[in-house]
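The next block holds one structure in the form of structure tokens; read it before the comments.
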Amino acid sequence: MKKDLVKILQGSLKSLGISPCPQIEIEIPREESFGDASTPVAMGLAKSLKKAPRKIAEEIVASIKDKNIFEKIEIAGPGFINFRFTRGYLYSSLINLLSSPKSFLREDIGNGKKVLVEFISANPTGPLHIGHARGAAVGNALCNLLEEMGFNVMREYYINDAGRQIRLLGMSVYAKYQQLLGKETEFPEDGYKGQYIDEEASALFSQKKEKYKDIPFKDCEKEITEWIYNRMMELIRNDISYFAIRDFSSWISEKQLYEKGEVTAAIEALKNKGFIYEKEGAIWFRSSDFVDDKDRVVVKSDGEFTYFASDIAYHKDKLDRGFDIIIDIWGADHHGYIPRIESVMKAFGYDSSRFRVILVQMVNLLKHGEPFQMSKRAGNFVTLSEVVNLVGADNAKFIFLTRKSDSHLDFDIDVVTATSAENPVYYVQYANARINSIFANAKEKGIDINTLENTDLSALSNTEELDLIKKLLAYPMVLEGAARAYEPHRITFYLQELAGIFHSYYHKHKVITDDIEATKARLALCEGVKIVLSDALTILGVTAPEKM
RNA sequence: GCGCCUGUAGCUCAGACGGAUAGAGCAACUGCCUUCUAAGCAGUGGGUCAGGGGUUCGAAUCCCUUCAGGCGCGCCA
């Protein structure tokens, strides 16, 4: 729909001698009387052409050559051009959707551009929690979306396996293990205290028995941290797959960045560019030359690298791999890091408009409107797997995607588990299940549902049917907007609207009747709805059950 | 103190690059299962878009400012 309109308008503007051709916006007016689609393009041109917008609109309309897909074109308000499509156009569009869904629904805006999306990237020191779950849902959906829109997407998880934290984890397990063996051992001050640590210590014992009994930590540190690291990574991978997040295409280890000398090399590279200096025994990066408000230490005066140093190396590594667009998905509590990483990107000469951090806000877990603390299984936080057990993966993902990622989210267990309209995921899935049920019914009656794309649709004539078709035609625009803005939540809202129109239609009109022509036309419409519902749900990473 | 995010109906939130009379769900109230799934549908009420100023043909949207909430400001990770 948008494609067709833009093409027509471009031709029109060209014949009027307007160049360069401005970006042509198409919107779906919320008011039915304003037509099926609308463009404000004349208003945008008013300034540069020094003419009244309505006058320009008139000229544009007059110069449209091919008017046969329109029932009506009107100029309204301050200068909108409103289009009303003929039924014939709607029918043939629906046929196109049925016969080749992918090419009809997809606007290739990616052109194979290489995109890197890094998300979750939780420290391998424990199970994933509810905050990670939101980032996972957003990252997964965004990757799916971009991939569908023609980008070449790489999904990446960065593992902070080099620092103090992983060592602390090892120490915590070691201490618990010694305690199991009846040896009084001091538990590290900032050690990990979750119950999972106890379990890991028991597992260590049942696997290695008394191997480390009288061995001081420093002598078995390497073995134990490696052991627990592998266990934690397995735990995280399991959590990810339990949440039905698509596999990552790459896992980058911080430790390996050090081992391959990338950290030193990255700092060296910055030094060669003159962005590194020494002060008070430490090594600094001149981030304040760019967008940061102060310079940042990369090597401490005791000779240790800071966490930021490996981040520099990691982002340089991303740049070196030649991505056109680099997206980091972070918890909102890390927003203070954006300027320094942006500074790094700029220091390496990367156009920072191609780097984007998406912040995912905190999740407030509630039950019955009250803050909800779950079992202390993993210390003080709620784990992802517990959430999945409680509310289901589809449910949780959908809820996470019903907000823009940078707004706070109240996640109320009662609301989320309610099997009612309070719960949008069921509402949408239910529409799909109903359609399946209609098809099952049709099949039983011996109606051929395999060749619906050859159906004569002229029986589709009531408002609800035409509205449904128009809504389907708007779907590619939603996808495009969501992809350009990196906002998968727009799809969620669209889905609720589409499902709403369908439910209403379903209730008002019976699909299968004695009128075989009308029945087939309506089945074709249902097929269109089904295609779009399942397409969108798939992008969001949510299943579309056949039956509910 | 500085920076970032948020503030839209009683509640939870949408609002597309500045566009037309500001939207949805829930909650409240009224109806609808002999008919393809009632996890559904139809209807009613509900607003100073936090307040104030500015930019322009036009502002919930952009700029300034005040207020409220959250987060971040380390040679921590």
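Sequence lines set the chain letters: A, B, ... in the order given, protein chains first and strands last, and positions in each chain run from 1.
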Below 4.0 angstrom from OP1 or OP2 of B:A39, is there any side-chain N or O of A:Arg434? no
Would B:C11 be called syn or anti, given that syn covers angles within 90° of 0? anti
Residues forming a side-chain contact (heavy atoms from CB on, under 4.5 Å) with A:Arg54, sequence neighbours excluded: A:Ile75
At under 4.0 Å, does any side-chain N or O of A:Lys294 touch on OP1 or OP2 of B:G74? yes
Just to confirm, is there a sub-4.0 Å distance from OP1 or OP2 of B:A39 to any side-chain nitrogen or oxygen of A:Tyr426? no
Just jot down the side-chain contact (heavy atoms from CB on, under 4.5 Å) partners of A:Ala42, sequence neighbours excluded, or say none. A:Ile56, A:Ala57, A:Ile60
Are the side chains of A:Thr543 and A:Leu537 in touch, meaning some heavy atoms are under 4.5 Å apart? no
When we call it a touch if two heavy atoms are under 4.0 Å apart, what does A:Asn82 touch: a base, just sugar-phosphate, or nothing? base
Any protein N or O atoms within reach of nucleotides 2-11 of chain B? Criterion: under 3.5 Å, listing atom names and distances.
{"unit_1": "B:G3", "atom_1": "N2", "unit_2": "A:His335", "atom_2": "NE2", "d": "2.5"}
{"unit_1": "B:C5", "atom_1": "O2'", "unit_2": "A:Asp406", "atom_2": "O", "d": "3.3"}

Considering just the side-chain nitrogens and oxygens of A:Tyr427, establish if one lies under 4.0 Å of OP1 or OP2 belonging to B:C41. yes
Output yes when at least one side-chain N/O atom of A:His509 is less than 4.0 Å from OP1 or OP2 of B:U35, else no. no
B:G74, OP1 or OP2 - any side-chain N/O from A:Lys300 closer than 4.0 Å? no
Would you say the side chain of A:Thr402 and the base of B:A14 hold a donor-acceptor pair, judged only by whether the two atoms sit under 3.5 Å apart? no
Using atom P in both nucleotides, what's the gap between B:G3 and B:C63 to the nearest angstrom? 14 Å
Is the shortest side-chain heavy-atom distance between A:His489 and A:Arg403 below 4.5 Å? no
Both A:Phe493 and A:Ala76 contact RNA chain B. Taking the nearest nucleotide for each, which residue is further toward the 5' end? A:Phe493
Check this for me, if you would: do A:Arg106 and A:Asp535 make a salt bridge, where the nitrogen-to-carboxylate-oxygen distance has to be below 4.0 angstrom? yes
Checking one value: the base orientation of B:C33, syn if chi is within 90 degrees of 0, otherwise anti. syn
For A:Met477 and for A:Val511, find the nucleotide of RNA chain B with the closest heavy atom, then tell me which residue's nucleotide is more 5'. A:Met477
Sequence neighbours left out, cut at 3.5 Å: what donor-acceptor pairs do the side chains of residues 499-506 of chain A make with other protein atoms?
{"unit_1": "A:His503", "atom_1": "ND1", "unit_2": "A:Arg434", "atom_2": "NH1", "d": "3.0"}
{"unit_1": "A:His503", "atom_1": "NE2", "unit_2": "A:Tyr427", "atom_2": "O", "d": "3.0"}
{"unit_1": "A:Tyr505", "atom_1": "OH", "unit_2": "A:Glu465", "atom_2": "OE2", "d": "2.8"}

Donor-acceptor pair (no angle test) under 3.5 Å: A:Ser301 side chain, B:C75 base: yes
Output all residues satisfying side-chain contact (heavy atoms from CB on, under 4.5 Å) with A:Asp4, sequence neighbours left out; order by chain, then residue number. A:Tyr89
On a whole-Å scale, what distance lies between the C1' atoms belonging to B:G69 and B:A50? 11 Å
On a whole-Å scale, what distance lies between the P atoms belonging to B:G1 and B:C62? 25 Å
OP1, OP2 of B:A42 versus side-chain N and O of A:Ser504: anything below 4.0 Å? yes
So, using salt bridge (charged side-chain N to carboxylate O under 4.0 Å, His left out) as the criterion, who are the partners of A:Arg354 when residues are at least two apart? none
Applying the 5.5 Å / 30° rule, does A:Tyr430 stack onto the base of B:G40? no
In whole angstrom, give me the gap between the C1' atoms of B:A16 and B:G54. 26 Å
